[in-house]
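We count ligands from 1, going down the list as the structure has it; atoms in each ligand are counted the same way. In this text the structure is predicted, and so the values were computed from the model without any measurement.
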Amino acid sequence: MHRELRMSTLCVVSALAMGVATGAQAGGDKLKIGFSQGTMESSWRVNMVEGNRKYAEANLPDVELVITNGENNASKQVADVESLLAQGIKTLIISPVTADALTPVVKQAMDAGIPVVTLDRKVNTDVTLHIGADNKLIGKSAGSYVCKALGGKGNVVEIQGTAGASATVDRHDLFVETLGKECPDVKIVASQVANYVREPAIKFMEDTLQRFKDGEIQLVYAHNDDMALGAVTALEAANRQKGVMVVGIDGENAAYDAIKAGKMVATFTYHFVAPEGVQYGYKIAKGEKLDKEIVLPTHQVDSSNVDQFLGKGF
Ligand code: AHR
């Protein structure tokens with residue numbers, strides 16, 4: 001699935017570079033909507049793109065959706081957006097890699113009268129609409145869960161997402177604030193960025209297990225399930241899983257299976273904003289006036305309710 005999407009995205013990008021119109025039934029009379037994805041490195045992001053693309057193809061015959069992949073590189077994503085603006089898009093949908101780096105080009109779009117819809121991660125300037133789940137609430141809920149799970153005392157390892165992404169900042173800040181308020185004897189003894197990707201999370205966890213002896217780590221809090229599952233892999237490889245709880249975010253089926261099997265203790269569902277991204281982007285491109293923010297729901301999933309979620313994630 002990953003591979004197929006990368007291929008189709010590459011086709012879109014290279015066709016654009018050649019000045020060729022793309023899209024299901026590309027044509028000059030279509031409403032062109034640009035969708036700048038920050039990265040395709042996780043199945044969560046592949047679902048975001050594919051869900052929006054398929055919805056547009058099936059339901060919006062008058063839309064030409066042009067999709068780009070920033071490859072987890074803010075400079076590449078800025079160039080993608082500049083290229084989309086130069087092509088005369090009527091609305092920009094964007095899930096920005098980081099907030100600061102993408103803010104000027106989003107402001108440029110807004111100043112030029114092109115409405116902007118941010119998905120999941122935010123920028124530091126006014127946009128027409130933001131759609132996503134509440135990362136501050138997730139960070140706070142994860143903090144409260146961890147305080148209770150540890151009985152108010154213990155050592156935590158944190159595996160962070162991409163530095164400077166609003167999701168990372170909120171998931172970290174509210175988690176730390178909640179531990180400080182609700183269980184000051186729970187300490188974060190190691191914390192590192194792993195870009196929401198499994199392999200760097202495995203490497204960080206392997207290194208951390210070298211630094212801390214058996215019994216010195218009670219819990220791992222990862223900013224997504226891919227990294228939480230990476231931590232599980234490293235713990236199992238070192239035969240150190242006993243007594244270490246693992247918490248993730250997103251709601252991957254593999255994470256639900258891991259909770260059921262006792263390898264993780266909890267995750268928090270995080271909506272991948274499809275098909276809402278293109279649904280609302282389309283309404284805005286047609287001139288509809290909407291509220292400035294749509295907050296999607298999140299759920300805590302743990303051993304008490306995991307059966308209801310098994311197989312229903314992604
Ligand atoms: O921005 C949020 C995160 O980005 C999702 O939780 C993650 O899986 C994705 O790559």
Side-chain angles (χ1 to χ4, degrees), residues 1-2 5-6 9 35-52 67 69-74 76-77 93-102 106 117-124 127 130-142 158-175 193-202 220-232 246-256 258 264 266-274 276-277 294-301 313-314:
M1 190 176 176
H2 251 102
L5 183 81
R6 282 175 197 277
T9 306
F35 179 8
S36 166
Q37 174 59 289
T39 174
M40 306 280 198
E41 278 178 332
S42 67
S43 53
W44 187 92
R45 294 215 163 256
V46 173
N47 274 284
M48 182 195 270
V49 169
E50 284 292 81
N52 284 302
I67 302 169
N69 174 6
E71 296 170 8
N72 210 25
N73 173 339
K76 159 84 167 72
Q77 192 174 20
I93 301 172
I94 178 167
S95 187
V97 174
T98 55
D100 286 352
L102 272 298
V106 165
V117 182
T118 46
L119 307 187
D120 138 64
R121 299 181 189 173
K122 296 183 174 178
V123 287
N124 301 321
V127 295
H130 176 79
I131 316 176
D134 183 343
N135 282 301
K136 290 191 166 120
L137 175 67
I138 291 175
K140 188 172 181 304
S141 306
E158 181 188 28
I159 311 181
Q160 298 195 36
T162 300
S166 65
T168 307
V169 173
D170 292 346
R171 290 172 190 189
H172 170 78
D173 287 357
L174 272 291
F175 181 75
V193 156
N195 285 329
Y196 293 108
V197 177
R198 191 174 304 213
E199 288 71 25
I202 295 176
V220 178
Y221 166 56
H223 288 194
N224 78 353
D225 286 339
D226 272 353
M227 298 190 296
L229 292 163
V232 169
V246 179
V247 175
I249 296 169
D250 271 356
E252 277 191 40
N253 282 323
Y256 297 152
M264 283 176 61
T267 188
F268 295 82
T269 61
Y270 190 64
H271 205 296
F272 47 71
V273 206
E276 290 83 352
I294 295 173
V295 182
L296 300 171
T298 185
H299 301 281
Q300 178 178 307
V301 182
F314 61 93

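Close approach to Asn224 involves these atoms of ligand 1, each under 4.0 Å from a residue heavy atom: 7 (C), 8 (O). For ligand 1, the atoms sitting less than 4.0 Å from at least one non-hydrogen atom of Arg171 are 2 (C), 6 (O), numbered in the order shown with element in parentheses. Listed by number with element, the atoms of ligand 1 under 4.0 angstrom from any heavy atom of Ala167 are 1 (O), 2 (C). The distance from ligand 1 to the heavy atoms of Ser42 drops below 4.0 Å at these ligand atoms: 10 (O).
Across all their heavy atoms, Asp120 and Ala167 have their closest contact at OD1-CB, 4.3 Å. Residues Lys140 and Leu174 share a closest heavy-atom pair of N-CB, 3.7 Å. A pairwise comparison of heavy atoms in Thr39 and Asn69 identifies CA-OD1, 3.6 Å as the closest pair. The heavy-atom pair separating Gly277 from Leu119 by the smallest distance is CA-CD2, 3.8 Å. In this structure, Ala201 and Ile159 approach most closely via the heavy-atom pair CB-CG2, 4.0 Å.
Taking only non-hydrogen atoms, the option from Asp250, Asn195, Leu119 nearest to atom 5 (C) of ligand 1 is Asp250.
Contacts between Arg45 and ligand 1 below 4.0 angstrom, taking non-hydrogen atoms only, involve the side chain exclusively. Contact annotation for Met40 and ligand 1: no heavy atom of the residue comes within less than 4.0 Å of the ligand.
With no hydrogens or angles considered, no side-chain donor-acceptor pair links Asp226 and Ser42 at under 3.5 Å.
Distances between N or O atoms of Arg121 and those of ligand 1 include at least one value under 3.5 Å.
Ring geometry, His223 versus Tyr196: the interplanar angle falls from 30° to 60°, so the pair is classed tilted.
Closest to atom 2 (C) of ligand 1 among all protein heavy atoms lies Asp120 OD1, 3.2 Å.
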